[in-house]
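Take a look at the structure below.
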Amino acid sequence: MAADASTAPIMPSAPNSGRASSLQRLARRRSTIAVLMTTPLLVVLIGLVAYPAGYGIYLSTLNRRMTGFMEAEWLPHGLGNFEILFESETFWAVAWQSCIFAITAVILKALVGFWLAHMLHHIPSKGQRKWRGMLLVPWVIPPALSTLGWWWMFDPAYSSINWLFQVFGIPAVPWLGEKWWARLSIIIVNVWYGAPFFMIMYLAALKSVPEQLYEAAAIDGATSWQRLRYVTLPMMANIISITVLFSLIVTFANYDIVRVLTNGGPRDLTHVFASYAFQVGILSGNIPRGAAVSLFMFPILAICAFFVLRGVTRRNKEQM
Amino acid sequence: MSATAAANRDMPSLYGKAGSLRSERRWALIWAYISLIFSAIILLTPPVYMLITSLKTSAEIADQKGNPWIVRNPTLDNYWELITNSLFQGFFINSVIVTVVVVALTMVISILAAFALARMRFWGSQVLATGVFLTYLVPDTLLFIPLYQIVGGLGLLNSIWGLVLVYPTLTVPFCTWIMIGYFASIPKELDEAALIDGATWPQMLLKIFVPVALPGIIAATIFAFTVSWAAFVYPTAFITTPDQMPLTIGVVSQLVRGDVFVWGQITAGALLAALPPVIVYAFLMDYYIAGLTAGATKG
């Protein structure tokens with residue numbers, strides 16, 4: 001049907017030569033056309049991703065002026081930047097903070113997102129669209145800009161959150177002034193921004209669980225907890241792991257929230273890898289060491305990427 | 001769920017158990033609404049508070065006595081000052097130029113590549129498709145230092161064209177990936193029919209694939225638009241002169257200066273800058289969400 005409709009506009013422009021020969025010619029030219037069509041993509045992937053990645057590794061081995069390799073004492077020649085980082089207390093604090101931040105934020109986002117998706121799935125489908133639209137707003141606003149609003153709500157002198165706390169008799173909180181409160185503030189903003197994304201992913205997954213499974217479980221006398229544990233979670237396992245790993249990558253490499261909210265302070269205690277690399281590499285002008293810092297993100301990102309890819313391939317096979 | 005609930009309502013006295021099930025369901029529903037209202041309040045508070053602040057005068061913001069959550073003398077001065085400020089207009093124009101060029105480039109690159117990868121099996125096409133997905137997982141914070149050197153070497157630091165050069169790394173992999181998914185879902189009979197009728201490959205792409213996969217193209221375009229509009233790492237690293245700044249970094253770095261924060265203007269600027277993606281979202285929500293979920297469910 002659809003094919004018939006599409007033939008009409010194409011027919012007049014077909015060459016007059018016989019069908020067989022034109023098919024042969026197409027087959028011959030097919031690979032050439034394919035290569036031509038993928039060339040721009042290859043330019044982007046190789047020129048702007050693969051080459052910079054390799055160049056970043058090379059940069060990390062240079063000395064500050066980039067005149068030669070960075071000498072090292074106990075690591076092999078050229079790894080001096082890594083040696084200095086390993087011996088620096090600030091760097092280890094950054095590494096810990098990155099892990100604490102990423103893991104806590106992702107777990108909270110996953111839990112809040114799952115809860116929201118579940119609540120949304122419960123209400124009649126007519127109202128779902130409206131609620132979904134409203135709850136996704138934090139994800140739509142560019143995070144650098146919404147973080148400005150949070151910064152203003154956390155402001156030491158004018159904090160509107162503290163004002164509300166005071167109404168309920170809760171003592172004022174030094175949101176960005178004290179180490180653990182500042183770390184918590186960053187996590188709060190990240191969860192606020194990312195939880196709606198989890199909600200959308202989980203809601204799509206919840207809708208794809210066949211209703212018959214729940215009916216069968218109900219007939220077998222399953223409680224609502226058992227339905228969640230033995231029907232919903234196994235059916236959603238793959239999408240949950242893909243979303244969590246994907247979010248782990250993005251959260252681990254987060255930059256804008258830290259930059260706007262605390263800029264690494266107080267006393268460099270809220271820096272994550274990305275913001276520390278920025279501080280060292282661009283602001284202090286030590287490009288090679290900055291490159292070395294950002295390279296530390298690579299191993300964990302590579303592990304996550306491997307499992308995301310595996311999950312996605314498995315999912316595609318299931319759907320086929 | 002609603003169907004069974006309705007069935008229960010029709011015969012409430014028939015089974016004793018059905019009544020308890022019904023009241024359990026009603027409580028679940030009430031609980032769901034309470035949770036949703038509670039979370040909606042928390043999720044919408046920051047933007048609403050930004051709106052409240054942006055409507056206040058500087059004097060009212062500085063006044064610590066009253067309730068910060070209400071506006072006593074609403075004014076649009078903050079917005080008016082920004083709209084008539086030539087620096088802010090410059091940010092806006094820069095953002096528009098960068099976004100439009102990047103979105104156009106992205107869509108051309110990814111539609112061409114996705115068509116080739118989805119339909120013309122050639123040597124290495126599987127590897128390349130996997131590579132596309134892997135590069136989507138490479139975050140910008142891993143690459144900005146080497147790219148800083150590369151862009152600097154090309155003399156494009158402090159220029160919006162440097163941004164146009166590097167933004168495709170954020171947009172092209174994902175857009176190509178979801179376009180491969182949409183193109184792959186088009187039935188093969190369609191292109192076979194076209195081939196028999198003597199259509200060339202470009203004709204097939206333009207007259208069959210693009211129209212049929214239009215929802216996917218819209219979703220990918222929205223994604224490319226929001227990503228380029230909200231990009232933050234690259235402009236912060238590459239741009240230091242105000243006249244070349246796009247909106248995000250312009251609002252963050254130029255309105256927040258020194259020790260005096262003009263919070264009314266900052267929040268007004270942030271809201272104005274966030275407006276285009278929010279408008280797109282409001283009108284094309286279904287495509288937006290399709291694009292969000294496509295990464296894991298298509299391809």
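Numbered from 1 within each chain, the chains take letters A, B, ... in sequence-line order.
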| Is B:Leu205 close to A:Met37 at the side-chain level, that is, under 4.5 Å between some pair of heavy atoms? | yes
| task | Kindly determine whether A:Leu148 and B:Thr267 satisfy side chain to side chain contact (heavy atoms under 4.5 Å, CB included), including the steps that lead there. | result | CA-CA 7 Å; A:Leu148 276 175; B:Thr267 47; over 6 Å; no
| So what's closer than 4.5 Å to chain B heavy atoms on A:Arg129: side chain, backbone, both or neither? | both
| task | Between chain A and each of B:Thr248, B:Val212, B:Asn67, count heavy-atom pairs under 4.5 Å; write down the option with the most. | result | B:Asn67
| task | Could you tell me which portion of A:Leu309 (side chain, backbone, both or neither) has an atom closer than 4.5 angstrom to a non-hydrogen atom of chain B? | result | both
| Contacting region of A:Ile282 [heavy-atom separation from chain B under 4.5 Å] | side chain
| request: Go through the steps to decide whether B:Phe232 and A:Arg259 satisfy the test side chain to side chain contact (heavy atoms under 4.5 Å, CB included), and finish with yes or no. | output: CA-CA 10 Å; B:Phe232 188 70; A:Arg259 161 68 182 78; 3.7 Å; yes
| task | Please say which of B:Val280, B:Val278, B:Ile279 ends up in a side-chain contact (heavy atoms from CB on, under 4.5 Å) with A:Val140. | result | B:Val278
| task | Report yes if the side chains of A:Trp152 and B:Tyr49 come closer than 4.5 Å at any heavy-atom pair, otherwise no. | result | yes
| query | For A:Leu301, is it the side chain, the backbone, both or neither that has a heavy atom under 4.5 Å from a heavy atom of chain B? | reply | side chain
| request: Give, as side chain, backbone, both or neither, the part of A:Tyr51 having an atom under 4.5 angstrom from any heavy atom of chain B. | output: side chain
| field | Distance, nearest 0.5 Å, that separates OG1 of A:Thr38 from CG of B:Leu112 | value | 9.5 Å
| Is the closest side-chain heavy-atom distance between B:Leu147 and A:Tyr55 below 4.5 Å? | no
| field | Inter-residue atom distance A:Ile161.CD1 - B:Thr45.OG1, 0.5 Å rounding | value | 9.0 Å
| field | Choice from B:Pro68, B:Ala32, B:Pro211, B:Pro46 maximising heavy atom contacts with chain A below 4.5 Å | value | B:Pro46
| Contacting region of A:Phe298 [heavy-atom separation from chain B under 4.5 Å] | both
| query | Who among A:Ala53, A:Ala274, A:Ser160 has the most heavy-atom pairs with chain B under 4.5 Å? | reply | A:Ser160
| message | If you compare all heavy atoms of B:Pro173 against all heavy atoms of A:Leu45, which two are closest, and at what distance to 0.1 Å? | response | CG-CD2, 4.4 Å
| task | Check B:Ile109, B:Val172, B:Leu105, B:Val108 against A:Pro40 for a side-chain contact (heavy atoms from CB on, under 4.5 Å) and give me the one that passes. | result | B:Ile109
| request: State, yes or no, whether a side-chain contact exists between B:Tyr288 and A:Trp139 at a heavy-atom distance under 4.5 Å. | output: yes
| task | Count the heavy-atom pairs under 4.5 Å between each of A:Ala144, A:Gly281, A:Ser208, A:Cys304 and chain B, then report the option with the highest count. | result | A:Ala144
| query | Does the B:Tyr281 side chain pair with the main chain of A:Gly133, one donor and one acceptor, at a distance under 3.5 Å? | reply | yes
| task | Answer with side chain, backbone, both or neither: which region of B:Ile37 has an atom nearer than 4.5 Å to a non-hydrogen atom of chain A? | result | both
| remark: Heavy-atom nearest pair, B:Ala274 first then A:Ile141, reads CB-CG2, 3.7 Å
| field | Closest contact, heavy atoms only, A:Ala253 versus B:Thr141 | value | O-OG1, 2.9 Å
| request: Determine the minimum heavy-atom distance between A:Met134 and B:Ala40, stating which atoms define it. | output: CE-CB, 4.3 Å
| message | Using every non-hydrogen atom in the two residues, find where B:Leu29 and A:Pro124 come nearest and quote the distance to one decimal. | response | CD1-CD, 3.9 Å
| request: Output the option from A:Asp155, A:Leu136, A:Ile249 having the highest count of non-hydrogen pairs under 4.5 Å with chain B. | output: A:Leu136
| remark: So, the part of A:Val260 with a heavy atom under 4.5 Å from chain B: the answer is side chain
| query | Are the side chains of A:Pro142 and B:Pro277 in touch, meaning some heavy atoms are under 4.5 Å apart? | reply | yes
| query | Looking at A:Leu164, A:Leu283, A:Leu295, which one has more heavy-atom pairs under 4.5 Å with chain B than the rest? | reply | A:Leu164
| message | On a heavy-atom basis, which atom in A:Leu116 and which in B:Ser39 lie closest, and how many Å separate them? | response | CD2-OG, 3.2 Å
| With chain A, which of B:Ile111, B:Leu165, B:Thr236 has the greatest number of heavy-atom pairs at distances under 4.5 Å? | B:Thr236
| Greatest number of heavy atom pairs closer than 4.5 Å to chain B - which of A:Pro138, A:Gly127, A:Ser159, A:Ala205 | A:Pro138
| said: A side-chain contact here means heavy atoms from C-beta on lying under 4.5 Å apart; do B:Ile150 and A:Pro52 qualify? | reply: yes
| Just how far is it from atom CH2 of B:Trp69 to atom CE of A:Met153, taken to the nearest 0.5 Å? | 4.5 Å
| Between CD1 on residue A:Ile188 and CD1 on residue B:Ile42, distance to nearest 0.5 Å | 9.5 Å
| message | Can you tell me which of B:Asp140, B:Ile61, B:Val166 forms the most heavy-atom pairs within a distance under 4.5 Å of chain A? | response | B:Ile61
| remark: Separation between CG (A:Leu48) and CG (B:Leu170), nearest 0.5 Å, reads 10.0 Å
| task | Tell me, with the steps shown, if B:Tyr136 and A:Phe246 meet ring-ring contact (aromatic ring centres under 6.0 Å, His included). | result | CA-CA 10 Å; B:Tyr136 166 53; A:Phe246 173 73; 5.6 Å; yes
| task | Among A:Trp131, A:Trp115, A:Trp150, single out the residue with the greatest number of heavy-atom pairs under 4.5 Å to chain B. | result | A:Trp131
| field | Gap separating the CG atom of B:Leu43 from the CG atom of A:Leu135, nearest 0.5 angstrom | value | 6.0 Å
| field | Region of B:Leu134 in contact with chain A, defined by heavy-atom distances below 4.5 Å | value | side chain
| Under 4.5 Å between any side-chain heavy atoms of A:Leu42 and B:Leu128, yes or no? | yes
| Contact check, side chains of A:Met119 and B:Ile34, non-hydrogen atoms, under 4.5 Å | no
| request: In sequence, state the C-alpha distance, the side-chain angles, and the governing distance for A:Phe278 and B:Tyr148, and then conclude on side chain to side chain contact (heavy atoms under 4.5 Å, CB included). | output: CA-CA 11 Å; A:Phe278 195 93; B:Tyr148 178 82; over 6 Å; no
